[in-house]
Amino acid sequence: MARKTRREAEEAAIDLTPMLDVVFIMLIFFIVTTSFVKEAGIDVNRPKAAQATKKPSATIFVAIRANGEIWLDKRAVDVERVGATIEKLLAESPTDTVIIQADKEAKHGVVVSVMDQIKLAGIDKISIAASEN
């Protein structure tokens, strides 16, 4: 049995550098193209609607509980701080739509105040989440 010299062994090795380059390029591509969704952080009892449709493009969700608590980015927020928090989230991931997940027992005035704050932050498209029948 013939023994390979060190030089022959080096010539027979497979160069993995191009494969690693491709893997790193794919990793960078997936990191850049991924959009992150900012969930409100709580579950609310949404009202039912016969004409409810899905809106997959929004990345910011605001939840309003029945007792008037407002949740944004997994923490409770005062009504006055909703606009500033939305602006901070817009700097992280720009979007043109915000979805409000209001409990069916939530006060109408709180929902309108939150909508005003969202508009002051520069978002014109506001959707109200509802459950399908």
Side-chain angles (χ1 to χ4, degrees):
M1 189 176 219
R3 196 158 223 212
K4 290 186 180 181
T5 64
R6 184 176 183 152
R7 183 177 172 110
E8 290 173 342
E10 286 178 3
E11 289 177 6
I14 297 174
D15 186 18
L16 295 178
T17 306
M19 184 185 72
L20 291 175
D21 289 344
V22 170
V23 169
F24 284 129
I25 289 172
M26 287 176 28
L27 179 66
I28 291 169
F29 172 77
F30 287 123
I31 289 172
V32 169
T33 59
T34 303
S35 65
F36 298 98
V37 176
K38 298 292 183 183
E39 290 288 336
I42 62 169
D43 289 328
V44 293
N45 188 14
R46 295 181 293 193
K48 296 196 182 312
Q51 299 297 320
T53 59
K54 295 200 183 282
K55 289 266 189 189
S57 64
T59 58
I60 299 175
F61 292 87
V62 179
I64 303 172
R65 285 189 166 169
N67 62 1
E69 284 183 351
I70 301 163
W71 285 75
L72 186 60
D73 198 22
K74 298 182 180 163
R75 64 178 195 260
V77 179
D78 290 335
V79 139
E80 296 82 22
R81 300 291 306 153
V82 169
T85 307
I86 294 277
E87 288 175 354
K88 182 185 77 138
L89 294 175
L90 285 174
E92 294 173 5
S93 60
T95 185
D96 62 344
T97 305
V98 172
I99 295 180
I100 298 176
Q101 298 172 322
D103 192 282
K104 65 181 179 181
E105 301 296 325
K107 302 283 186 209
H108 183 72
V110 175
V111 176
V112 171
S113 297
V114 169
M115 291 174 73
D116 285 341
Q117 289 293 317
I118 292 170
K119 286 199 177 256
L120 286 173
I123 300 289
D124 291 327
K125 296 180 183 177
I126 302 172
S127 296
I128 305 291
S131 299
E132 295 181 35
N133 282 343

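Quick note: residue numbers are just sequence positions, from 1.
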Apart from V112 itself, its cluster of hydrophobic side chains linked below 4.5 Å comprises none
For this session: Apply side-chain contact (heavy atoms from CB on, under 4.5 Å) to the pair L89 and T95, showing each step before the final yes or no.
Result: CA-CA 9 Å; L89 294 175; T95 185; over 6 Å; no
Between G68 and V110, the two heavy atoms sitting closest are O-CG1, 4.1 Å
L90 and A121 have their tightest heavy-atom pair at CD1-O, 3.9 Å
- Message: As a quick check of understanding, evaluate side-chain contact (heavy atoms from CB on, under 4.5 Å) for D103 and I64, giving each step before the final call.
- Response: CA-CA 6 Å; D103 192 282; I64 303 172; over 6 Å; no
Connected to I25, directly or through other members, by ILVMFWY side-chain contacts below 4.5 Å are none
Rounded to the nearest 0.5 angstrom, the CD1-CD1 distance for I126 and I128 is 7.5 Å
Exactly one candidate in I86, V114, V62, V82 meets side-chain contact (heavy atoms from CB on, under 4.5 Å) with V77; the answer is V82
**side-chain contact (heavy atoms from CB on, under 4.5 Å) evaluation trace for I100 with S127** = CA-CA 6 Å; I100 298 176; S127 296; over 6 Å; no
Sequence neighbours excluded, the answer for side-chain contact (heavy atoms from CB on, under 4.5 Å) partners of D21 is T17
Residues passing the salt bridge (Lys or Arg N to Asp or Glu O under 4.0 Å) test with K107, sequence neighbours excluded, are none
Those residues at least two apart in sequence (or on a different chain) that pass side-chain contact (heavy atoms from CB on, under 4.5 Å) with I28 are V32
Next item on the list: Could you give me the CA-CA distance, side-chain angles and deciding distance for R75 and D73, then say whether side-chain contact (heavy atoms from CB on, under 4.5 Å) is met?
Entry: CA-CA 6 Å; R75 64 178 195 260; D73 198 22; 3.9 Å; yes
The reported gap from CD in Q101 to CZ in R65 (rounded to nearest 0.5 angstrom) is 12.0 Å
To the nearest 0.5 Å, atom CD1 of I123 lies from atom CE of M115 at 12.5 Å
- Item | Close side-chain approach of I70 and V79, heavy atoms under 4.5 Å | yes
side-chain hydrogen bond (donor to acceptor under 3.5 Å, both in side chains) pairs touching residues 112-126, sequence neighbours excluded, are D96-K125
Note to self: Keeping N67 on the side-chain end and E69 on the backbone end, is there a donor-acceptor pair under 3.5 Å?
What the structure shows: yes
